[in-house]
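Residues: numbered from 1 along the sequence shown.
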Amino acid sequence: YKDYSDISPGYLVFSIWGNSVRVSDTSVLQSSDSFPSSPAPNKSTVREDGSMEEELRGLRRSRPKPPVGGDFTLSDCFYFYRRGIEDIVEDEVTQRFSSEELVSWNLLTRTNIDFQYISLKLTMVWGLGVFIRYCILTPLRIMLASIGLTWLVIGTTAVGFLPNWRLKSWLSEWVHVMCYRICARGLSCTIHYHNKENRPRKGGICVANHTSPIDIVILCNDGCYAMVGQSHGGLMGVLQRAMARSCPHIWFERADMKDRHLVTKRLRDHVNDKTKLPILLFPEGTCINNTSVMMFKKGSFEIGGTIYPVAIKYDPQFGDAFWNSAKYNMVSYLLRMMTSWAIVCNVWYLPAMHQQEGEDAVQFANRVKSVIAHQGGLVDLSWDGGLKRAKVKDTYREEQQKKYSSMVVGSEEDRSGNSD
């Protein structure tokens, strides 16, 4: 049974009318004794653009041509029913927005199943773990996180009063990295960085797959980046204003975020200045459960400049880092992180990439996405993560309707094949 209450009905209709992209292997991370430093590349998405057409053509060729009418017969309905039900049951989008679970529970992670009594010994072990996590580790982690955030505000504000010399830039980076490392200790993060020679450089754009808001903390433990986002009020606003005093972060007002040209211009101006920190972007635009990489928005690749891909893969054996924003608010999510045993992840810095001649922004984005998915052992999907909450565009739905009708009527090749 699946809960489809948080997904757009349009996606289900879109899926029934024809999903010609099929995944040959959507395997997720399995339970193992140790987390590999470099996971085996996933069997990437196999795009069979004509999969439904070929299957239906094969069925029609295996039966005699109807004496009256076209190629359509009543039995064709069963084929479309079956394909539609398969796409709903093994939906490629909904399962990417639910927490990744191990095949067998290891007493270290949370599950979607409520407490069930199995044995006294197992219950005592589980209870001891709850006591350690909630009564010993959590208070220490909250204290460390509070210290890190407090020092971030104080340190960046103090650095902001210095003149714009080279010393200011050095102190700003030092304060940012130090405070992020303290916050990472507050989450008990264990991070393994690979290929550090490929770390993003100034004047470039760092793009990574997105699983959680703490992705920023993970990456900033090993270097400083310029953040891009919407201006907020409250505590988040205090942090943003303090950080902007010492470092050229890019914060937009709510009205400015809708002006695509203004956003692109500010980002391009930042990239053209080779003395400024690399911009950190998450082109997916939403959090995915770290089993796949979904469509990269092309806007991040229209700015120009050098792209530095980064693959992030969390180990689900100790704690689930995925943020299900439809189920938990930010405070609840952070408390879940602090009450987990640990957050263990691997980060791979990949070689810099440039847009090739004759390659548009969409093709470039897909090429970068494929490289990240391959290195992180993630499934490469072409679906837009925004389909979780947004409706499918009418143009996409009409395209699938046309494809559906052409399969029902049959093409000239089908008719000529049957006549033979």
Side-chain angles (χ1 to χ4, degrees), residues 132-162 168-193 199-200 206 208 210-251 277-280 282 287 310 312 314-315 318-323 325 328-347:
I132 294 174
R133 289 189 290 116
Y134 282 85
C135 300
I136 299 177
L137 296 180
T138 300
L140 295 175
R141 292 169 176 175
I142 293 176
M143 181 181 65
L144 285 173
S146 301
I147 292 174
L149 294 177
T150 302
W151 273 110
L152 181 63
V153 173
I154 296 175
T156 53
T157 302
V159 173
F161 289 108
L162 298 177
K168 179 180 180 179
S169 299
W170 181 84
L171 286 175
S172 175
E173 294 182 24
W174 181 77
V175 169
H176 276 82
V177 173
M178 177 189 66
C179 294
Y180 280 120
R181 287 178 177 175
I182 295 175
C183 292
R185 301 301 181 271
L187 296 171
S188 292
C189 293
T190 301
I191 314 168
H192 306 283
Y193 298 96
R199 280 187 296 188
C206 174
H210 198 24
T211 303
S212 160
I214 67 174
D215 291 341
I216 298 174
V217 178
I218 298 297
L219 293 176
C220 289
N221 265 256
D222 196 42
C224 197
Y225 297 88
M227 308 298 174
V228 180
Q230 179 180 313
S231 298
H232 294 275
L235 177 60
M236 183 64 70
V238 173
L239 292 172
Q240 287 182 329
R241 289 189 293 271
M243 293 167 60
R245 290 189 183 97
S246 64
C247 185
H249 297 291
I250 305 174
W251 309 123
L277 296 173
I279 297 176
L280 177 59
F282 300 102
C287 294
V310 176
I312 305 174
Y314 291 91
D315 184 356
F318 300 95
D320 180 27
F322 169 62
W323 181 34
S325 57
Y328 304 103
N329 57 34
M330 178 63 73
V331 176
S332 300
Y333 168 76
L334 292 177
L335 289 176
R336 287 175 62 86
M337 293 299 97
M338 291 182 179
T339 54
S340 299
W341 282 109
I343 302 298
V344 182
C345 74
N346 279 260
V347 176

Closest heavy-atom pair, Tyr333 versus Phe322, reported as atoms and distance to 0.1 Å, is CE1-O, 3.5 Å

Using the test side chain to side chain donor-acceptor pair (under 3.5 Å), find all partners of Arg181 that sit at least two apart in sequence or belong to another chain.
none

For Thr190 and Ile343: C-alpha separation, side-chain torsions, deciding distance, then whether side-chain contact (heavy atoms from CB on, under 4.5 Å) applies.
CA-CA 6 Å; Thr190 301; Ile343 302 298; over 6 Å; no

Distance-minimising heavy-atom pair for Phe318 and Ser340:
O-CB, 4.3 Å

What pairs of donor and acceptor atoms, side-chain ones from residues 144-155 against any protein atom, are under 3.5 angstrom apart with sequence neighbours left out?
residue : atom : partner : partner atom : Å
Ser146  : OG   : Ile142  : O            : 2.8
Thr150  : OG1  : Ser146  : O            : 2.7

Would you indicate whether the side-chain heavy atoms of Met330 and Pro213 approach each other to under 4.5 Å?
yes

Any side-chain donor near an acceptor of the partner, Ser332 and Asn329, under 3.5 Å:
yes

Tell me the closest heavy-atom pair linking Pro248 and Ala226, and the distance in Å.
O-CB, 3.8 Å

Between the CG atom in Leu334 and the CZ atom in Arg336, the distance rounded to the nearest 0.5 Å is 11.5 Å

How many angstroms lie between CH2 in Trp323 and NE2 in His210, if you round to the nearest 0.5 Å?
8.0 Å

Taking all non-hydrogen atoms of both residues into account, name the closest pair between Leu140 and Ile136 and its distance.
CG-O, 3.4 Å

With rounding to the nearest 0.5 angstrom, report the CE to CD1 distance, Met143 to Ile182.
11.0 Å

Going from CZ on Arg133 to CE on Met338, what distance comes out if it is rounded to the nearest 0.5 angstrom?
14.5 Å

List the residues meeting side chain to side chain donor-acceptor pair (under 3.5 Å) with Asn221, not counting sequence neighbours, and say none if there are none.
none

Taking the six-membered ring of Phe161 (Phe, Tyr or Trp), confirm whether the NZ or CZ of Arg245 is under 6.0 Å from its centre and within 45° of its axis.
no

Kindly determine whether Ile312 and Leu219 satisfy side-chain contact (heavy atoms from CB on, under 4.5 Å), including the steps that lead there.
CA-CA 9 Å; Ile312 305 174; Leu219 293 176; 4.1 Å; yes

On a heavy-atom basis, the closest approach of Arg141 and Gly186 is CB-O, 2.8 Å

Would you compute the distance between atom CE of Met178 and atom CG of Leu171 and round it to the nearest 0.5 angstrom?
10.5 Å

Contacts of type side chain to side chain contact (heavy atoms under 4.5 Å, CB included), residue Val175, not counting sequence neighbours:
Thr156, Val159, Cys179

Going by the rule side chain to side chain donor-acceptor pair (under 3.5 Å), which residues pair with Thr211 if we only count those two or more places apart in sequence or in a different chain?
Asn290

Aromatic ring proximity, centroids under 6.0 angstrom, His249 and Trp251
yes

CA sep, side-chain torsions, deciding dist, call: Leu277, Glu173, side-chain contact (heavy atoms from CB on, under 4.5 Å):
CA-CA 9 Å; Leu277 296 173; Glu173 294 182 24; 3.4 Å; yes

Salt bridge (Lys or Arg N to Asp or Glu O under 4.0 Å) with Arg241: which residues, sequence neighbours excluded?
none

Please assess Tyr314 against Ile218 for the test side-chain contact (heavy atoms from CB on, under 4.5 Å), listing each intermediate value before the final yes or no.
CA-CA 11 Å; Tyr314 291 91; Ile218 298 297; 3.5 Å; yes

Looking at side-chain heavy atoms only, is the closest gap between Leu137 and Ile132 below 4.5 Å?
yes

Return the minimal non-hydrogen interatomic distance between Ser246 and Gly160, and the atom names on each side.
CB-N, 4.1 Å

With no hydrogens and no angle check, just 3.5 Å: does a side-chain donor-acceptor pair link Tyr180 and Asp222?
no

Rounded to the nearest 0.5 Å, how far apart are CD1 of Ile216 and SG of Cys183?
11.5 Å

